[in-house]
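Worksheet: one structure, shown below.
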Amino acid sequence: MQEKMEKVPIHQKLTLTIREAAEYSNIGINKIDALLRAPGCPFVLFVGSKKLVKRKEFEEYIRSQVAI
């Protein structure tokens with residue numbers, strides 16, 4: 001018997017995909033991707049060539065900004 005996998009709510013995840021981060025923050029996918037490409041981005045995590053968003057650092061970054 002196979003157990004049904006429960007989805008982890010976004011606010012409990014350590015990392016987010018670009019799509020999840022866009023949905024979570026209401027910031028466009030292209031803008032988030034551009035932020036992740038910026039040198040010294042504090043919330044990017046590379047897993048091979050895949051870019052993930054560190055949720056807590058992303059939240060802190062957004063809180064500290066007036067405009068993005």
Side-chain angles (χ1 to χ4, degrees):
M1 190 163 149
Q2 190 177 24
E3 291 185 33
K4 184 178 177 184
M5 293 283 293
E6 290 188 32
K7 279 188 95 173
V8 177
I10 285 179
H11 70 277
Q12 291 182 345
K13 289 185 172 189
L14 292 176
T15 61
L16 307 172
T17 64
I18 294 174
R19 187 174 302 279
E20 287 173 330
E23 183 181 324
Y24 184 59
S25 65
N26 205 31
I27 297 171
I29 291 171
N30 293 337
K31 184 61 177 181
I32 292 174
D33 190 48
L35 292 169
L36 293 173
R37 292 175 190 266
C41 176
F43 52 86
V44 67
L45 174 66
F46 289 98
V47 180
S49 62
K50 182 178 181 177
K51 292 179 295 230
L52 293 176
V53 176
K54 298 177 194 175
R55 185 184 51 81
K56 286 186 179 185
E57 289 83 348
F58 182 55
E59 290 173 352
E60 290 168 11
Y61 177 81
I62 290 172
R63 270 195 280 282
S64 70
Q65 301 300 305
V66 175
I68 296 179

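In what follows, residues are counted from 1 in the order of the sequence shown. All values derive from a computational prediction rather than experimental measurement.
Every residue two or more places apart in sequence or in another chain that forms a side-chain contact (heavy atoms from CB on, under 4.5 Å) with Ile10 is listed here: Leu16, Glu20, Glu23, Tyr24. By the side-chain contact (heavy atoms from CB on, under 4.5 Å) test, Ser25 is found to be paired with Ile27, Ile32, Phe58, Ile62, residues two or more places apart in sequence or in another chain being considered.
Contact between Ala22 and Gly28 at its shortest, heavy atoms only, is CB-C, 4.3 Å.
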From CA spacing to verdict: side-chain contact (heavy atoms from CB on, under 4.5 Å), Ile29, Arg19: CA-CA 6 Å; Ile29 291 171; Arg19 187 174 302 279; 3.8 Å; yes
Stepwise salt bridge (charged side-chain N to carboxylate O under 4.0 Å, His left out) test for Lys56 and Glu60: CA-CA 6 Å; Lys56 286 186 179 185; Glu60 290 168 11; over 6 Å; no
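Linking ILVMFWY residues whenever their side-chain heavy atoms come closer than 4.5 Å, directly or via other members, leaves Val44 and Leu52 in distinct clusters. Under the 4.5 Å side-chain heavy-atom criterion for grouping Ile, Leu, Val, Met, Phe, Trp and Tyr, Phe46 is connected to Leu35 within one hydrophobic cluster.
Here the straight-line distance linking atom NZ of Lys54 with atom CG of Leu36 works out to 11.0 Å at 0.5 Å rounding. Taken from CD1 in Ile18 to NZ in Lys31, the straight-line distance is 13.5 Å, to the nearest 0.5 Å. For the atom pair CZ of Arg55 and CD of Gln12, the computed distance is 8.5 Å after rounding to the nearest 0.5 Å.
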